[in-house]
Amino acid sequence: MAKEYNFREIEKKWHQRWIEQQTYHVTEDATRPKFYVLNMFPYPSGAGLHVGHPLGYIASDIYARYKRLQGFNVLNPMGYDAYGLPAEQYAIKTGQHPEKTTFANIDRYREQLDKIGFSFDWDREVRTCTPNYYKWTQWAFQKMYNSYFDEELQKAQPIEKLIEKFKAEGTWPADEKEQSELLMQYRLAYLGETMVNWCPALGTVLANDEVVNGVSERGGYPVEQKKMRQWCLRVSAYSQRLLDGLETIQWSESIKETQKNWIGRSEGTEVEIKVLDSDVDFTIFTTRADTMFGVTFFVLAPESELVDKVTTPDQRAAVDEYIKYVKSRTERERMIDHTVTGVFSGAYGINPITGDKCPIYVAEYVLAGYGTGAIMAVPAHDSRDYAFAKHFNLPIIPLVEGADVSEESYDAKEGIVMNSPISPDKSVNYDGESLNLNGKTIKEAIAETKRFVKAHNLGRVKVNYRLRDAIFSRQRYWGEPFPVYYKNGIPQMIPEECLPIELPQVDKFLPTETGEPPLGNATKWAWDEKNKKIVENSLIDEKNIFPIELYTMPGFAGSSAYYLRYMDPHNNEALVSENAASYWQNVDLYVGGSEHATGHLIYSRFWNKFLFDLGVSKKDEPFQKLINQGMIQGWSSFVYRLRNTNKFVSFDLLEEKYDDAKKKNLYYYQGTEADPVYADISMVNGNVLDVEKIRQWTPEFRDGEFILNQNGQYIVSQAIEKMSKSKYNVVNPDDICENYGADTLRLYEMFLGPIEQSKPWDVAGIDGCFRFLKKFWGLAQNILNNQSTQNNPTAEEMKALHKLIKKVTADIEEFSYNTSISAFMVAVNELSQLKCANRTILEQMVVLIAPFCPHIAEDLWEALGHQTSVCDAHWPVFDEKYLVESMVKMPVQFNGKVRFTLELPVDMPKEDVEKAALESPDAAKYLEGQQIVKTVVVPGRIINIVIKPL
RNA sequence: GCCCAGAUGGUGGAAUUGGUAGACACGAGGGACUUAAAAUCCCUUGGCCUAACAGCCGUACGGGUUCGAGUCCCGUUCCGGGCACCA
């Protein structure tokens with residue numbers, strides 16, 4: 001009697017066995033090559049795992065298991081990004097300590113993850129909020145504080161070197177405060193008085209990547225610009241290295257492109273501009289040095305310090321008023337509204353190339369934070385300058401032959417230069433040379449102008465980056481505390497041997513009444529410098545006892561170097577030991593969402609490059625290959641409530657109108673507008689709502705009146721959206737494990753489509769994967785129960801097997817798991833048809849499927865008489881000879897006919913191909929007793945002979 | 001506006017990278033087994049025209065290169081992602 005496929009029993013058995021035998025425990029092993037597979041670790045949210053989470057974990061687990069079968073020593077760890085806003089907000093609401101909820105969520109995650117059968121080495125788990133982990137986050141911060149970026153060496157150096165340099169130059173100030181201020185301009189972690197994104201609703205500052213379209217990424221609250229003293233990381237120092245590094249790693253083009261845009265390198269020229277009748281001068285930055293002859297005005301950013309110096313007394317009032325207006329506008333308003341505004345400063349700048357005096361304006365379209373905060377305006381060839389010139393009626397000088405600038409500017413960087421100069425006397429002579437660009441291409445003209453500017457000391461060639469330094473402090477409780485105290489307002493690092501500085505207990509997680517961050521609520525948060533310990537605030541005397549920093553670190557602090565900690569998670573002496581770092585090097589395969597392109601993936605690369613400069617990390621780039629798994633979306637369902645009533649109307653009864661102003665459809669029922677309300681997907685079958693179920697769901701529906709369509713059904717509308725608790729469209733993996741088993745879940749998630757693609761979750765296809773596993777199990781049972789001693793696989797069996805080995809191996813390497821699963825389905829069908837009874841074939845099949853379906857593989861492996869785990873088997877090696885032994889490929893049945901393919905020499909003429917094919921002994925076998933319906937010859941390659949029985 | 005990636009049956013998606021378009025799966029239809037259902041197995045399933053064989057048309061749209069194009073080139077439309085007053 002063949003055993004049934006009882007996945008519940010099988011999976012339970014092997015989950016236990018894996019724990020008992022420590023199957024996934026990894027240690028450094030110099031005799032084997034390493035392979036490091038990593039998933040972006042999750043933030044443990046209260047909603048638990050949904051079916052989208054495991055997608056990346058399954059994909060990487062398959063690869064990890066595959067690599068292990070190939071003989072690699074594979075590190076495949078998992079942990080938790082445990083600091084986060086939701087836990088803190090929950091704490092504010094309930095008073096429940098964030099650690100408590102976070103740990104409860106982690107337990108739930110772990111339980112769910114364990115069901116899916118991952119090969120994680122849980123001994124290496126990290127949680128960013130535990131002191132033995134964040135000790136090293138604090139440590140790295142202190143190292144950054146004590147380092148600067150040496151432009152010449154292009155790497156971080158100890159700050160002492162810089163002090164020595166200043167001393168040698170004689171520029172080292174005697175005053176301690178001045179020393180601190182000077183060094184702050186160089187430290188990689190520094191206190192900076194900068195414009196920050198301040199979010200009043202969240203009560204904290206945000207990094208640039210945390211602000212989307214002028215509102216906070218989390219919650220969508222307004223964000224304003226505010227000048228504050230904050231900890232910052234000098235990420236911008238590494239701009240060039242971050243850019244160069246992209247060339248050395250295997251990431252998708254689109255994500256590299258996103259990072260390139262974010263870093264925003266632009267090569268240009270800085271030119272010094274003298275202000276007429278004044279000793280003030282300023283610098284402008286341009287990438288279009290060729291357009292110097294077309295400058296008709298200059299523009300300063302409203303926030304620029306130059307505005308004050310340049311403004312003439314008679315324009316003072318107008319300028320002040322304009323600045324006031326600019327300050328009143330939020331970041332969001334400035335982003336959406338691009339109407340031309342500006343004011344004349346009263347001053348004139350002298351164009352060093354033409355000698356012309358041009359008015360200096362102040363306008364908000366010039367940004368203070370980029371370049372020098374001052375530009376030269378060339379209205380003919382820049383659309384923004386053009387709009388400004390038209391508005392203020394300023395001259396426009398075209399510089400490119402054939403360019404029509406009567407209606408719009410000509411921004412393209414193509415064409416032949418003219419009017420440069422417009423007449424010989426319009427080009428200033430420097431040391432006997434004056435610039436003439438006429439007749440040159442724009443490219444040549446840029447190069448020539450750069451040379452000229454440099455040669456005559458009018459400015460310099462300069463590379464600018466858009467990448468800004470990262471704001472590194474947050475006014476929150478649930479984050480890493482800074483190991484910093486203040487002595488007379490000067491920051492001091494708490495000695496390294498005293499780390500970690502543990503997050504203090506507070507009774508309230510809100511800011512204090514005086515507006516201090518939540519850590520201001522701590523009563524024991526002062527530093528005893530002499531005794532090197534944390535003491536009560538009340539003891540602060542500014543002599544021996546000093547206040548400790550109240551800010552905490554942002555979310556990306558703990559997630560920036562976690563991959564290094566996995567290498568050596570229990571080490572108390574170092575972030576990672578020399579030995580472990582040398583062995584594991586860096587992550588070979590990193591799997592995670594592309595939404596981290598300008599956040600985590602930049603910070604992590606920066607952090608790693610810094611640690612690389614320190615010699616702690618062994619590779620300049622942390623993640624060699626990156627795969628971005630797509631999002632699994634959910635089907636959200638909506639019911640429609642008539643406005644200001646408790647009536648819900650079936651979707652097909654509603655009238656649809658498009659609203660131009662809101663750019664969306666509005667719905668009406670007998671003239672009353674109906675508003676969509678989320679309905680939980682568990683209450684919807686197809687697109688029909690279970691009215692009784694929804695009545696029991698929440699009070700708002702209980703007494704609702706449901707207006708049904710003529711079939712007596714309530715139809716919902718559906719939309720594909722991101723899976724989220726608040727959209728009530730979450731599908732949970734536990735139910736699938738319960739009903740089909742983890743192996744089916746793993747198979748199905750991979751079978752859904754290419755990993756990198758986003759797709760809506762749809763259970764419809766899951767039966768196909770489940771059926772396949774049952775078939776495979778059935779085939780295996782037949783083989784295992786076969787008593788015959790003959791043990792030689794037939795040529796056909798070997799062909800089916802090796803076709804599979806070839807396909808699966810190639811597909812796994814390319815992460816094309818869906819097609820390799822198809823190949824399995826074909827192979828199992830073929831072997832079933834061949835009535836395969838061979839244990840060797842089965843054995844190899846089991847190894848091939850082990851990465852995908854580890855539970856069933858383990859069970860069959862054991863049934864085949866093996867004592868060890870299938871994880872320690874060897875990946876089958878493909879052998880060409882089983883495929884080319886015959887010229888005839890496996891015949892394919894279709895439409896009641898049989899089709900087969902012959903491979904023939906490439907350069908054989910068409911007629912000969914046909915003749916050779918029909919006469920070949922291989923074909924003869926198949927052609928006997930058959931009628932040839934049709935032959936199709938693909939020149940020089942393949943011939944298809946379609947046959948049917950006579 | 002700029003940059004990137006896409007568009008293939010009723011559906012999810014294959015196609016050895018220029019060589020039989022639609023693998024595999026879902027769904028649908030038909031059949032077998034069964035008292036019945038579930039489960040399982042077999043057949044059909046891009047469109048048109050056919051009793052059937054055969055034939056014609058088909059990879060968003062319009063051109064082009066090629067013996068041969070889903071794949072390469074030019075143009076258009078649509079969807080997704082990133083950046084967005086960055087000089």
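Here the structure is a predicted model, which means the values were calculated and not measured. Chain naming here is simple, since letters A, B, ... match the order of the sequence lines and numbering starts at 1 in each.
Atom OG of A:Ser252 sits about 6.5 Å away from atom CD of A:Glu756, to the nearest 0.5 Å.
The side chain of A:Asn818 contributes an N or O atom lying less than 4.0 Å from OP1 or OP2 of B:rA14. Between A:Ser266 and B:rA87 there is a side-chain N or O to OP1 or OP2 distance below 4.0 Å. Between A:Tyr365 and B:rA87 there is no side-chain N or O to OP1 or OP2 distance below 4.0 Å. Phosphate contact (OP1/OP2 of B:rC3, side-chain N/O of A:Lys260, threshold under 4.0 Å): absent.
Counting any heavy atom pair closer than 4.0 Å across all strands shown, A:Val366 reaches a base atom. Heavy atoms of A:Glu253 sit nowhere under 4.0 angstrom from any nucleic acid atom. Here A:Pro754 lies in heavy-atom contact (under 4.0 Å) with sugar-phosphate atoms only. If you check every strand for non-hydrogen atoms under 4.0 Å, A:Ile375 touches a base.
Between A:Tyr386 atom OH and B:rG1 atom P there is a gap of 18 Å when expressed in whole angstrom units. Rounded to an integer number of Å, the gap from A:His802 NE2 to B:rU16 C1' is 19 Å. One atom, NZ of A:Lys450, and another, C1' of B:rA87, lie 14 Å apart when rounded to the nearest Å. If you take CD of A:Glu756 and P of B:rG13, they are 14 Å apart, rounded to a whole angstrom. The CZ atom of A:Arg468 sits 9 Å away from the P atom of B:rA84 (whole-angstrom rounding). Going from atom CG of A:Leu246 over to atom P of B:rC3 covers 19 Å, rounded to whole Å. Across the protein-nucleic acid pair, A:Ile255 atom CD1 and B:rG80 atom P stand 20 Å apart, rounded to whole Å. One interatomic measurement links the two molecules: CD of A:Glu814 to P of B:rU16, which rounds to 10 Å at whole-angstrom precision.
In this entry B:rC2 has B:rG82 as its Watson-Crick or G-U wobble partner, both defining distances falling under 3.5 Å. Pair assignment for B:rC24: B:rG12, on the basis of Watson-Crick or G-U wobble contacts that are both within less than 3.5 Å.
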Checklist entry - Does the pair A:Glu272 and A:Arg460 meet the rule for a salt bridge (charged side-chain N to carboxylate O under 4.0 Å, His left out), with working shown? => result CA-CA 9 Å; A:Glu272 300 293 337; A:Arg460 64 206 73 83; 2.5 Å; yes
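Using a cut-off of 4.0 Å between Lys/Arg side-chain N and Asp/Glu carboxylate O, A:Glu247 and A:Lys256 are scored as not salt-bridged. A salt bridge does not link A:Lys390 to A:Glu407: none of the charged nitrogens lies less than 4.0 Å from a carboxylate oxygen.
A ring-centre distance under 6.0 Å is not found for A:Phe298 and A:Tyr361. You'll find the ring centres of A:Phe388 and A:Phe297 inside the 6.0 Å limit.
Relative to the side chain of A:Thr598, the nucleotides B:rA14, B:rA87, B:rC83 differ in distance, and B:rC83 lies closest.
Taking atom P in both B:rG13 and B:rC4, one finds a spacing of 24 Å when rounded to whole Å.
In A:Glu408, the CD atom is not crowded: 12 or fewer heavy atoms of neighbouring residues, nucleotides or ligands sit closer than 6.0 Å.
Side-chain N/O atoms of A:Thr283 and A:Glu270 include no donor and acceptor closer than 3.5 Å.
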Next on the checklist: I need a per-nucleotide contact map over nucleotides 24-32 of chain B, read 5' to 3'. Cutoff is protein heavy atoms under 4.0 Å; write B for the base, S for backbone only, - otherwise.
Outcome noted: BSS------
